[in-house]
Amino acid sequence: MRKLFLLIFLAFSLVGCGSSYKASTQVAEGAFLQLSGDFWNTTLKIDGQTSMEISEDSVESFDIGDKEVVRFDLTPGTHLVEILRGGKVVVKRKIYVSNGNVFEVNVR
C-alpha cells in the first residue's frame, strides 16, 4: 500500500513539473538615448554634430508606464548630448551607452 501511495505521489509530482513557469528576456540590438520629461519643442545635439528638432511632427513618442518618452539610436560608446530650448542649453551631459542598453535623460 505504501508503494502505491509513493507511485501516486511521484506521478502527481511529475505532472506538476510540466506546467513550470518560463520567463524570456528580450535584448535590443544597438544602443539608445531615451528622453523623458519636457522634451517637446527642443533641439537635440549629439557630439556637437547631429542636430534634430524634437516636435510632435518630427518624432514619434510612446508611453512607458505613466511617462511619455522618445528614443534615438546611437552607436555604442561615449557621446556628448546637448538639449537646447529657445537657443539655451537645458541639458549638457557626457554619456556612455553600450550595445543593448538605453541611456535615459530627463529633460526639465
Side-chain angles (χ1 to χ4, degrees):
M1 190 64 146
R2 192 178 347 176
K3 289 183 182 181
L4 178 63
F5 285 121
L6 183 58
L7 284 174
I8 292 172
F9 175 76
L10 287 174
F12 281 115
S13 296
L14 292 175
V15 170
C17 291
S19 60
S20 64
Y21 173 78
K22 294 181 182 180
S24 64
T25 302
Q26 293 181 342
V27 177
E29 289 295 320
F32 302 94
L33 169 66
Q34 180 170 293
L35 302 180
S36 62
D38 188 17
F39 54 80
W40 291 122
N41 302 314
T42 60
T43 301
L44 170 64
K45 281 188 174 183
I46 299 175
D47 299 327
Q49 299 172 2
T50 307
S51 182
M52 170 186 258
E53 298 297 319
I54 303 174
S55 68
E56 292 182 41
D57 296 331
S58 65
V59 180
E60 186 175 335
S61 68
F62 58 97
D63 292 331
I64 296 180
D66 61 346
K67 64 182 176 181
E68 184 178 28
V69 299
V70 290
R71 189 175 285 179
F72 303 95
D73 293 333
L74 289 177
T75 57
T78 302
H79 298 280
L80 177 62
V81 174
E82 294 176 272
I83 301 171
L84 297 92
R85 181 179 288 115
K88 294 184 179 184
V89 176
V90 292
V91 173
K92 186 173 184 177
R93 184 175 297 166
K94 194 171 194 175
I95 67 168
Y96 177 82
V97 63
S98 59
N99 193 34
N101 288 324
V102 177
F103 193 100
E104 183 171 354
V105 174
N106 186 15
V107 182
R108 296 177 188 218

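Note that the structure is predicted; figures quoted are calculated from it, not measured.
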Check: Can a donor-acceptor pair be found between the side chains of E53 and S58 at a distance below 3.5 Å?
Finding: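 S58 and E53 do not have a side-chain donor-acceptor pair below 3.5 Å.
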
Would you say that [X] contacts [Y] through its side chain, given a criterion of any heavy-atom pair below 4.5 Å between the two side chains?
X: V97; Y: L33; value: no
X: I64; Y: E104; value: no
X: F103; Y: H79; value: no
X: T78; Y: K94; value: yes
X: K92; Y: L80; value: yes
X: D73; Y: F32; value: yes
X: L35; Y: F72; value: yes

Please say yes or no: joined through hydrophobic side-chain contacts below 4.5 Å, possibly via intermediate residues, are [X] and [Y] part of one cluster?
X: V90; Y: V59; result: yes
X: V70; Y: V105; result: yes
X: M52; Y: I95; result: yes

- Sole candidate of T42, N106, I83 that passes side-chain contact (heavy atoms from CB on, under 4.5 Å) when paired with V91: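 Answer after filtering T42, N106, I83: I83.
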
Out of V107, I54, T43, which residue meets the side-chain contact (heavy atoms from CB on, under 4.5 Å) rule with R85?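 Running side-chain contact (heavy atoms from CB on, under 4.5 Å) over V107, I54, T43 with R85 returns exactly one hit, V107.
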
**OP:** Write down the atom of N99, the atom of A31, and the distance for their closest heavy-atom approach.
**Re:**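 Looking at all heavy atoms of both residues, the shortest contact is OD1-N, 4.2 Å.
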
State the [atom1]-[atom2] distance between [X] and [Y], to the nearest 0.5 angstrom.
X: S36; Y: R71; atom1: OG; atom2: CZ; value: 11.0 Å
X: E82; Y: S51; atom1: CD; atom2: OG; value: 9.5 Å
X: F39; Y: Q34; atom1: CZ; atom2: CD; value: 9.0 Å

